[in-house]
Enquirer: 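Below are the structure tokens for one structure; questions will follow.
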There are 2 protein chains.
Amino acid sequence: MTKARRSLLHVLEQASEPLSVSALLQHPDVSCNQATVYRSLHYLEQRGYLDSFVLHCTDHGTERYYSCTKEQAEHSHWFHCTACHRFIDLGACLMKEDLKRWEQQYGFTVSDHTFFLTGVCATCKESTSSTD
Amino acid sequence: MTKARRSLLHVLEQASEPLSVSALLQHPDVSCNQATVYRSLHYLEQRGYLDSFVLHCTDHGTERYYSCTKEQAEHSHWFHCTACHRFIDLGACLMKEDLKRWEQQYGFTVSDHTFFLTGVCATCKESTSSTD
DNA sequence: GCTAATTTTGCAAGTCATTCGCATTCCTGC
DNA sequence: GCAGGAATGCGAATGACTTGCAAAATTAGC
């Protein structure tokens, strides 16, 4: 594990939400080149240390977001607030059964699934209604 | 409804699966400029005629895929085969209840959700196992 | 510890989807 | 037929991401 990879993994372990490459590049503990960030993230994801998904948001455009996989290779799904751009963890994925059902029904094998919500979080709803 | 928008809507109505901008540009019935395609798709999506999602696939990169919304504003979810790149319709979205539950639990308001599966379809699994 | 081989990194240029500015064309109402 | 606003085409720009290549770092062998 090289210095660049270790620093990225560490930052993502400490993070409470998925981070984009641009967020990682701005982080003080990440001091490597952007090409290295991309390469390291690929490396770490392939090794099962990280999870990622592509999210499009009007303000930030289309970006890939990375988060650490928890111990048991469990992954979370997320709600993304389009106002404050924070993520809310919806908890571990509960789709195992549904995926199995679909696999049986259609005969395909699911290697990956993407699921997330977007909208406005409770805090932003309040501040919008009071300041507008 | 202009000629460009009508042709795009028509092609997507006839399509059995979501189409990317590059697929639409290659379609014989779509004869307008790519900037017009992007602008028209935005227009049609905003008016509720279309649904879209961003999917990343190793072979085709990251692209936005568009499909027509059915009559009752029902939308489908899809399985994407990473071998033949076809989509399989998983049927109408059944997540209304789940979304409501999450909204109550976390206090946010969901304006959109993204869900799709990727993997290898039955046909591609067969042809792979027999020709490898 | 020292050198050769392998891997990783930085830099700069390239790719690809998507967007934007602007001039031209189309459409609608008069 | 004509004026005015909307839509389109064209080409350049943007931004996320990738790649080639040489330098730096890590590893292996002695």
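We use all heavy atoms of the structure for the numbers below, so side chains are in, but hydrogens, waters and symmetry mates are not. In this text the structure is predicted, and so the values were computed from the model without any measurement.
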Enquirer: With axes from five pairs an end, tell me the bend angle of the helix from dG1(C)-dC30(D) to dC30(C)-dG1(D), nearest 10°.
Expert: 30°
Enquirer: For H85(A), give me all partners under side chain to side chain contact (heavy atoms under 4.5 Å, CB included), at least two apart in sequence or on another chain.
Expert: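 Checked H85(A) against side chain to side chain contact (heavy atoms under 4.5 Å, CB included); matches are C57(A), D59(A), H60(A), H80(A).
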Enquirer: Reading DNA chain C in the 5' to 3' direction, which nucleotide is the first one with an atom under 4.0 Å from a heavy atom of chain B, and which is the last?
Expert: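 Footprint of chain B along DNA chain C, 5' to 3': dA17(C) to dG21(C).
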Enquirer: Send over the distance from K3(A) NZ to dA24(D) P, rounded to a whole Å.
Expert: 15 Å
Enquirer: Counting neighbours of OH on Y49(B) that are heavy atoms of other residues, nucleotides or ligands and sit closer than 6.0 Å, is the number greater than 12?
Expert: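 No, not enclosed.
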Enquirer: Sub-3.5 Å donor-acceptor pair from the side chain of T69(B) to the main-chain atoms of G48(B), do we have one?
Expert: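 Here the side-chain-to-backbone pair exists.
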Enquirer: So which pairs with a foot in residues 75-97 of chain A pass salt bridge (Lys or Arg N to Asp or Glu O under 4.0 Å), sequence neighbours left out?
Expert: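 Listed once each, the pairs are E97(A)-K100(A).
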Enquirer: Which whole-number value in Å describes the distance from R5(A) CZ to dT26(D) C1'?
Expert: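 For the pair R5(A) CZ and dT26(D) C1', the rounded distance is 11 Å.
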Enquirer: Could I get the full list of side chain to side chain contact (heavy atoms under 4.5 Å, CB included) partners for Q14(A), not counting sequence neighbours?
Expert: H10(A)
Enquirer: Between residues 33-59 of chain B and DNA chain D, which residues have a heavy-atom gap below 4.0 Å?
Expert: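 The stretch gives N33(B), A35(B), T36(B), R39(B), S40(B) as the residues lying under 4.0 Å from the strand, ordered by number.
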Enquirer: Apply side chain to side chain contact (heavy atoms under 4.5 Å, CB included) to T2(A) and list each qualifying residue two or more places apart in sequence or on a separate chain.
Expert: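 Listed in chain order: A4(A), R5(A).
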Enquirer: Taking atom types as modelled and ignoring hydrogens, do the side chains of H113(A) and H77(A) form a donor-acceptor contact shorter than 3.5 angstrom?
Expert: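 Distance-only check passes for H113(A) and H77(A).
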Enquirer: Output all residues satisfying side chain to side chain contact (heavy atoms under 4.5 Å, CB included) with S20(A), sequence neighbours left out; order by chain, then residue number.
Expert: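 Partners of S20(A) under the side chain to side chain contact (heavy atoms under 4.5 Å, CB included) test: S22(A), A23(A), E63(A), Y65(A).
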Enquirer: Going by atom type alone, with no hydrogens or angles, which donor-acceptor pairs under 3.5 Å involve a side-chain atom of residues 31-44 of chain B and a protein atom two or more places apart or on another chain?
Expert:
residue	atom	partner	partner atom	Å
N33(B)	OD1	A35(B)	N	2.8
S40(B)	OG	T36(B)	O	2.7

Enquirer: So, using salt bridge (charged side-chain N to carboxylate O under 4.0 Å, His left out) as the criterion, who are the partners of D112(B) when residues are at least two apart?
Expert: none
Enquirer: Between T2(B) and R64(B), who's closer to the 5' end of DNA chain C by nearest nucleotide?
Expert: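 The answer here is R64(B).
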Enquirer: Check for a donor-acceptor pair, side chain of S111(B) on one end and backbone N or O of T118(A) on the other, with a separation under 3.5 Å.
Expert: yes
Enquirer: Between C84(B) and C124(B), what is the shortest heavy-atom contact and its length?
Expert: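 It is CB-SG, 3.5 Å.
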Enquirer: Using a heavy-atom distance cut-off of less than 4.0 Å, which residues of residues 12-25 of chain B contact DNA chain D?
Expert: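 Within this stretch, nothing sits under 4.0 Å of the strand.
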Enquirer: Would you please name every residue forming a salt bridge (charged side-chain N to carboxylate O under 4.0 Å, His left out) with R101(A), sequence neighbours left out?
Expert: D98(A)
